[in-house]
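Atoms within a ligand are numbered from 1 in the order they appear, just like the ligands themselves. These values consider heavy atoms only, across backbone and side chains, with no hydrogens, waters or symmetry-generated copies.
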Amino acid sequence: MNLILISSLFTIVFSGNIEQTVLRGIPTSLLPKYTLAKTFLCLDGSSTIPFEFVNDDYCDCRDGSDEPGTSACPNGRFFCENKGYIGTIIPSHFVGDGVCDCCDGTDEYETKIVCNNTCFELAQKTRAEREARRALHAAGVAKKLEIISKSVLIKSDREARLRELEEGLQKVEDELKGKEELKQQAEAPENEAKDKHQKLWEEQRAVREAIARDNQMHEMFAELDANNDSLVSIEELQKHTELDSDHENEFTVEEVRLILGADSVNFDEFNVTVFDQISNSYKKLSEQSSETPVDHADVAATTEAQLDQIQAEADEETSAGEDEYEHEEEQQDITTPVATSLEHEKHIHDDTVPEYDDETKKLIQLADHARNEYNEVEGRVQDIKRQIDDLKRQSDVDTGPHGEYSAFIDQCYDYEEREYTYRICMFKDAKQISKGGGSDVTIGYWEGWTGPENNKYLKMKYANGATCWNGPARSLTVTFQCGTEHKPIDVREPTRCEYSMIFETPSACDERIATAAMHQEHEEF
Ligand code: MAN
């Protein structure tokens, strides 16, 4: 290393009476370690070298500390003083590489490259950026303070409303109890009357069915007893081949006997053992060959009239205490000549419950009124409960230590992107809504604040969303940054089905940034 080079690496600065020697590329804080002496101790303490080896463009120390001002050591570090701006450290192999790395150009002292000193401009730019940031935080903080003071009011209003609703609920629940009693009182006679009506209807229906069966049986017996000997014989029944259960072969005497249970049956035997076996398949011979049209309306009218008559008479007989035999006789007298068809029997079995009588109608009306009153009060109870639940849910939400994030309660925000709209409903859920149609996909349900320990409210998480095909359940992490409005400004999916959102809000603005930026400027420039 020649003397000229060594002298070029040292600058002697006079400041008042104090002589300072500044070595190139050394941060001020480390200058005491580079005092002009006979020897230099490498900063890692690994070896001691003659002082003239410092910055001699040959790497002697393992940690590169002997060459802060040259590019000789691959691990060397060069300090740009950058007067008027911020001092920076660059890898020392950037020194003399023909590129201006330091804003004061000191890294290119050896080369022919002319580096303009841009430190002043940089300082101005940084100052402007800092000022803009400070102003943004100051404006945001003003809004945040409004939110905080509003949240105090909202909180106390909410608590007052909650108390009011809970007291109101007690009263309305008492009222409901009263209405329930009235409803029960009105429903008891209503149910009794309805049951009575139903029972009567069922009894009448049973009578009708019995009569219908009886009519059918008489009609069938008369038709089967072709020779009028008051018996149905094997030959007479055998004509009804529709009763042959196997349908394949002939309707044999044995088969017919099996149905009759004898060679012939009288009316009573027919009633007890035969009728129910054959009534579903039985067809009149005349209907089997050529269907004779039956005037159903006529028959129905006749039957109904007769049924009414039977009913009236049955009632009368019951009250007059006449014996059962006479009643049966009479019933047979009336029903025997009735010529009904099976088709018609179906019709008169129509199962519609008849209209209620006036007394029952009145009881239903009273019970309806009591029910309506009960339902109206019940509706009010439910409404109050819903409001209480809503308020409790709102007060349970963690909106920050001072309620900074209280403006988010029950609010949703959209972020439009080419393919999807992302909708975040704060403290609830987040959705991905396809612009091409199709159903919305939930990308997460509110889980909690997940910022670092010293800044918990920086991030929030929505988890357990719709599961990805062959992947995890979707989730969203929201990162807040200071802004003057509440709005999402970016949504990405850095990992499949794991979404991230940047959200601007005054609630994330920082008082320290709003006030501390100017002090920093003094410290650093
Ligand atoms: C949908 C969207 C995407 C997601 C895929 C995963 O297309 O929800 O965001 O990556 O499903 O299959």
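- A salt bridge links D383 with R386: the closest approach of a Lys/Arg side-chain nitrogen to an acidic carboxylate oxygen falls below 4.0 angstrom.
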(Q) Could you go through E181 and Q185, starting from their C-alpha distance and side-chain angles, then the distance that decides it, and tell me whether this counts as side chain to side chain donor-acceptor pair (under 3.5 Å)? (A) CA-CA 6 Å; E181 268 167 37; Q185 281 166 18; 4.9 Å; no

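- E378 and Q382 share a side-chain donor-acceptor pair at under 3.5 Å.
- Between E164 and R161, at least one side-chain N (NZ, or NE/NH1/NH2) sits under 4.0 Å from a carboxylate O, which counts as a salt bridge.
- For Y457, the ring pair (Phe, Tyr, Trp, His ring centres under 6.0 Å) partners at least two apart in sequence or on another chain are W449.
- Note on ring orientation: taking the six-membered ring where Trp is involved, the planes of F51 and F40 are perpendicular (angle over 60°, cut-offs 30° and 60°).
- A distance limit of 4.0 angstrom between heavy atoms and ligand 1 selects the residues Y420, Q432, C468, R474, E493, R496, C497, Y499.
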